[in-house]
Amino acid sequence: ATQRTLSIIKPDAVAKNAIGDIIARFEKAGLQVVAAKMLKLDDDKAGGFYAEHKERPFFKDLVGFMTSGPVVVQVLEGQDAIAKNRELMGATNPKEAAPGTIRADFAETIDANAVHGSDSPESAEREIAYFFGADEICSR
Ligand code: CMP
């Protein structure tokens with residue numbers, strides 16, 4: 001089915017000038033960008049986004065990293081967009097990511113892992129609404 005998913009190009013990938021390369025991979029895989037913006041997260045915005053990880057030992061570092069520079073948040077739309085995006089990203093830990101995936105090619109560590117993507121329809125809905133109003137999404 002046609003789905004939407006939230007993608008974040010993280011501060012490490014933005015710093016590497018890899019925004020275009022990463023978005024090109026989404027487009028070449030048949031996903032369409034239907035919303036996009038660049039922003040600098042603060043502690044509250046990053047912490048709220050990752051609220052489910054609040055008790056994890058890596059939470060503080062995660063928020064510190066996600067606020068270390070600008071990110072590009074996008075809504076991707078297409079056939080099986082959630083799974084397709086996760087395939088393109090590769091495993092969370094770049095050391096375990098399959099060759100040719102975004103994380104294998106652009107990420108160094110599990111913290112600085114280039115991209116985030118929603119992991120289920122429920123999180124996609126929550127994550128998209130966290131960053132975008134309905135009037136900011138341009139279905140095509
Ligand atoms: P992301 O998909 O953005 O979701 C949570 C992030 O926490 C994850 O990518 C990683 O960058 C980061 N993280 C750091 N340590 C871990 C860990 N041990 N397990 C899962 N995620 C981690």
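Each ligand, and each atom within it, is numbered from 1 in the order the structure gives. Predicted, not measured: the structure shown is a model, and the values here were computed from it.
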Run the salt bridge (Lys or Arg N to Asp or Glu O under 4.0 Å) test against Lys60 and tell me which residues pass, sequence neighbours left out. none
Using the test side-chain hydrogen bond (donor to acceptor under 3.5 Å, both in side chains), find all partners of Asn85 that sit at least two apart in sequence or belong to another chain. none
Relative to Phe131, does Lys45 satisfy both conditions: NZ or CZ under 6.0 angstrom from the six-membered ring centre, and within 45 degrees of the ring's axis? yes
Lys NZ or Arg CZ of Lys37 over Phe132 ring: under 6.0 Å, within 45°: yes
Of Asp61, Thr92, Leu62, the one forming a side chain to side chain contact (heavy atoms under 4.5 Å, CB included) with Ile110 is Thr92
Among residues two or more places apart or on two chains, list those pairs meeting ring-ring contact (aromatic ring centres under 6.0 Å, His included) that have a residue in residues 98-124. Phe49-His116, Tyr50-His116
Which N/O atoms of ligand 1 sit under 3.5 Å from a protein N/O, and at what distances?
from     : atom 1 : to     : atom 2 : distance (Å)
ligand 1 : 2 (O)  : His116 : ND1    : 3.1
ligand 1 : 3 (O)  : Lys10  : NZ     : 2.7
ligand 1 : 3 (O)  : Tyr50  : OH     : 2.5
ligand 1 : 3 (O)  : His116 : ND1    : 3.0
ligand 1 : 9 (O)  : Lys10  : NZ     : 3.2
ligand 1 : 9 (O)  : Asn113 : ND2    : 3.4
ligand 1 : 11 (O) : Lys10  : NZ     : 3.3
ligand 1 : 11 (O) : Ile110 : O      : 2.6
ligand 1 : 11 (O) : Asn113 : OD1    : 3.3
ligand 1 : 11 (O) : Asn113 : ND2    : 3.2

